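One structure below.
Proteins get letters first, then strands, A, B, ... in listed order; numbering begins at 1 in each. Fair warning: this is a prediction, and the values are worked out from it, not measured in the lab.
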Protein chains: 2
Amino acid sequence: MRIGEAAEKAGLGATAIRFYEKEGVLPAPGRTASGYRDYTDADVSVLRFVRRARSLEIPLDDIREIVDLRTRGQAPCDVVRSVIAREAATIDARIEELQMLREELAQLSEVADKAVETLQGGDCVCHIIDVETAASR
Amino acid sequence: MRIGEAAEKAGLGATAIRFYEKEGVLPAPGRTASGYRDYTDADVSVLRFVRRARSLEIPLDDIREIVDLRTRGQAPCDVVRSVIAREAATIDARIEELQMLREELAQLSEVADKAVETLQGGDCVCHIIDVETAASR
DNA sequence: GTTGACCTTCGAGTTGCTCTAGGGTTTACG
DNA sequence: CGTAAACCCTAGAGCAACTCGAAGGTCAAC
């Protein structure tokens, strides 16, 4: 199949696939007589893996390593496992951070509502920002 | 004060501050006789605002807009409020997404553990990846 | 037989910075 | 007074992970 179909099956953009190939993350696929990239179902499953891995925010360098091991028929399990562990920790930290930010935003919009109520537009120059900088202490 | 002190007070790097200035996010500060940037406490509070806004992942374009309104003495409240609302929604979505990913990772590392147990290294070529691609359906 | 959808490559642009090179300045110490 | 460390300056390159545009080749249908 050509790149468009492979892209759709994998849930990626065609340009992203070309980019991954250029970056050495993906092996070069076959080509048709006219020079079009020609993907097999096996290729698509690799594409899909890359998409999944990227959606987990695993860096391309790590993905390249895993894909490389895979295509050379070696066991990427240990690599995958350590990457999984690392990513899990990263994601936990990220979630925690975002929850804190979310809470601050909620407070902020409360303050913003009050500021608007009490100040009625006119002289509201930067109260929200001031409160925000105060909150950042 | 010079850029290093301002940077420390605001919780930013000096290079980031220069970058913000170059990008027009921050107004150019005063200069000493020898050409060093010279920041006031008011400047630092703007820096701090930018840092806070960036930690909320608000894009520099939006921050520039808000800072711009502020320095022109206009009320950025409505802008700030709409940005806050938008960012809150973004963060909620992001948290949800990350929690899903986190769950998948947990499953994945379970599978990886089992795969290692049952397969003992040798022919473990890509079971984790296969499971992962299967899970991505 | 030509329109339109698809494919090709290459290079540049995006965002938000950091880093390097190659300088000048300020401060403190001996 | 000299000098070494720590600070500052600019300009430009580089980073991740892509996307977009230009300029063109190809394939299917009507």
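Separating the CZ atom of R51(A) from the C1' atom of dC18(D) is a distance of 17 Å, rounded to the nearest angstrom. Between the P atom of dA16(D) and the CD1 atom of I58(A) lies a distance of 17 Å, rounded to the nearest Å. Put simply, CD1 on I17(A) is 15 Å from P on dC20(D), counting in whole angstrom units. Taking atom CG of residue L60(A) and atom C1' of nucleotide dC15(D), one finds them 12 Å apart after rounding to whole Å. In this entry the distance linking CZ of R31(B) with P of dG24(C) reads 17 Å, nearest Å. Atom pair E21(B):CD and dC8(D):P shows a separation of 14 Å (rounding to whole Å applied). In this structure, CZ of R64(B) is placed 14 Å from C1' of dC17(C), rounded to the nearest angstrom. Atom C1' of nucleotide dG16(C) and atom CZ of F19(B) are separated by 5 Å, given to the nearest angstrom.
Contact of the D61(B) side chain with the R64(B) side chain is registered, since non-hydrogen atoms from C-beta on lie closer than 4.5 Å. With a 4.5 Å cut-off on side-chain heavy atoms, R31(A) and R37(A) count as touching. The shortest distance between side-chain heavy atoms of V44(A) and M1(A) falls below 4.5 Å. A heavy-atom distance below 4.5 Å is found between the side chains of F49(B) and I63(B).
Within the 4.0 Å cut-off from OP1 or OP2 of dC10(C), not a single side-chain nitrogen or oxygen of R18(A) is found. An OP1 or OP2 oxygen of dC18(D) is reached within less than 4.0 angstrom by a side-chain nitrogen or oxygen of Y20(A). Taking only side-chain nitrogens and oxygens, S34(B) comes nearer than 4.0 Å to OP1 or OP2 of dT26(C). Look at T32(A) and you won't find any side-chain N or O under 4.0 angstrom from OP1 or OP2 of dC7(C). Considering only side-chain N and O atoms, R37(A) lies nowhere under 4.0 angstrom from the phosphate OP1 or OP2 of dC7(C).
Checking dC7(C), dC18(D), dT25(C) against the side-chain heavy atoms of Y36(B) singles out dT25(C) as nearest.
Residue whose closest nucleotide on DNA chain D sits further toward the 5' end, between K22(A) and I3(B): I3(B). Map A16(B) and D61(B) each onto its nearest nucleotide of DNA chain C; the residue landing nearer the 5' end is D61(B). Between R2(A) and P59(B), the one whose closest nucleotide on DNA chain C sits nearer the 5' end is R2(A).
When the side chains of ILVMFWY residues are joined at heavy-atom separations under 4.5 Å, either directly or via intervening members, L47(B) and Y20(B) end up in a single hydrophobic cluster.
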